[in-house]
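See structure below.
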Amino acid sequence: NVRRAIQRAEDGAGRVRGSGELLAVTKSRGIDDITQAIATGCVHFAESYVQEAVEKIQAIEDPSLIWHFIGPIQSNKTQLIARHFDWVHSVDRFKVAERLNRQRSTDKRPLQVCIQVNITGEVSKSGVSAGELTNLLQQMRPLKHLQVRGLMTVPRKSDSIDLQRQCFLQLNALLRQVNQQGARLDSLSMGMSGDYLLAIEQGASMVRLGSAIFGRRK
Ligand SMILES: *Cc1c(COP(=O)(O)O)cnc(C)c1O
């Protein structure tokens, strides 16, 4: 059902089918849930807690899966992230980027990175401000074991549909703006269970869905 809904939203927005990728968010879900999702064709999985994620990645040990880290990053966890993940969506400071770069094994493909942007400006929320983004991108340019692919955001929970749309639109505009300044970003990680169709409408290339797939978290 989720896939059909995404496809309809892609059609509605005049987008290429399949250009909005589904990420199954499996934090707090067990191996059985992940196995079932794999059986329906899920390849991309996202987790927010390093320790919990690494246990599952090692238990499942399926090289065809692509693992995305989407949670807040503590510097003492970067080593595990660099070792076990393919993507990180929540990089928001140079210190973390520099550690991930140093700790990424050279025989792996570069870690694929999205910069988390705090579009709504909430104090409690992680992410760089739109104003700080250019500077962070510039600082990260020499980091050869990271490939910066795009931007990620989480809208305010209480926001109305109009404000959520506004938030996605702003992230999309920001991506185009930094690309005009010479960046080459192709990914927009935005949209969760409550707002993913809006996000697809506004150009999301990855939507991160937990409860829409697996039901409410316990
Ligand atoms: C948990 C989480 C999601 C998924 O949330 P749902 O509302 O269950 O779809 C998406 N993105 C981030 C960053 C999360 O932490």
Side-chain angles (χ1 to χ4, degrees), residues 1-6 9 20-30 32-34 36-37 40 42-57 65-74 77-78 80-81 84-93 96 100 111-129 149-161 163-165 167-168 170-172 174-175 187-218:
N1 287 338
V2 166
R3 284 217 181 85
R4 254 202 307 271
I6 290 176
E21 188 80 63
L22 167 63
L23 271 52
V25 178
T26 47
K27 65 172 179 239
S28 86
R29 315 289 174 178
D32 281 357
D33 289 313
I34 299 177
Q36 284 186 45
T40 75
C42 283
V43 174
H44 292 269
F45 289 88
E47 289 275 347
S48 307
Y49 305 103
V50 177
Q51 205 61 50
E52 177 192 336
V54 168
E55 283 167 23
K56 292 186 225 173
I57 293 170
L65 304 184
I66 299 168
W67 289 95
H68 300 250
F69 189 76
I70 59 173
I73 306 176
Q74 295 166 284
K77 297 284 165 55
T78 52
L80 284 172
I81 296 174
H84 294 283
F85 284 85
D86 304 290
W87 281 76
V88 184
H89 295 225
S90 40
V91 171
D92 65 355
R93 55 196 192 279
V96 158
L100 288 169
L111 194 56
Q112 307 295 295
V113 170
C114 291
I115 309 290
Q116 183 168 355
V117 184
N118 185 354
I119 291 280
T120 53
E122 291 156 275
V123 194
S124 62
K125 198 173 269 179
S126 27
V128 289
S129 67
R149 294 291 300 276
L151 308 178
M152 180 273 230
T153 201
V154 180
R156 211 190 297 261
K157 265 208 180 66
S158 59
D159 277 353
S160 68
I161 287 184
L163 289 173
Q164 283 169 344
R165 181 182 283 118
C167 171
F168 296 146
Q170 278 175 278
L171 194 72
N172 194 332
L174 193 58
L175 182 114
S187 302
L188 278 173
S189 168
M190 56 189 197
M192 301 166 45
S193 294
D195 54 19
Y196 67 104
L197 297 176
L198 268 182
I200 292 284
E201 173 199 293
Q202 295 303 322
S205 61
M206 294 179 275
V207 290
R208 311 177 304 266
L209 305 183
S211 42
I213 300 174
F214 301 105
R216 204 199 288 245
R217 264 188 300 283
K218 289 128 226 160

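Remember, predicted model here, so these are calculated numbers, not experimental data. For ligands, and for the atoms within them, numbers begin at 1 and follow the listed sequence.
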How far apart are the C-alpha atoms of S124 and E122, what are their side-chain angles, what is the distance that settles it, and do they pass the side-chain hydrogen bond (donor to acceptor under 3.5 Å, both in side chains) test? CA-CA 6 Å; S124 62; E122 291 156 275; 4.8 Å; no

Report the part of L209 (side chain from C-beta onward, or backbone N, CA, C, O) that has a heavy atom under 4.0 Å from ligand 1; answer both or neither where that applies. backbone

Would you tell me whether E21 and S205 have side-chain atoms, one donor and one acceptor, within less than 3.5 Å of each other? no

Do L100 and V113 make a side-chain contact, defined as non-hydrogen atoms from C-beta onward lying under 4.5 Å apart? no

Where is the nearest protein heavy atom to atom 8 (O) of ligand 1: which residue, which atom, and how far? S211 N, 2.8 Å

Which of the listed options, R208, M192, H68, K27, holds the heavy atom that is closest to atom 2 (C) of ligand 1? K27

Atom 12 (C) of ligand 1: the protein heavy-atom neighbour that sits closest, reported with distance to 0.1 Å: I70 CD1, 3.5 Å

From the candidates S48, G191, S193, the one that places a heavy atom nearest atom 6 (P) of ligand 1: S193

Return the CZ to OG1 distance between R156 and T120, rounded to the nearest 0.5 Å. 5.0 Å

Check R29 against R216 and note the closest heavy-atom contact, atom names and distance. NH1-O, 3.6 Å

Per-atom contacts, ligand 1 versus G210 - under 4.0 Å to a heavy atom: 4 (C), 6 (P), 8 (O), 9 (O)

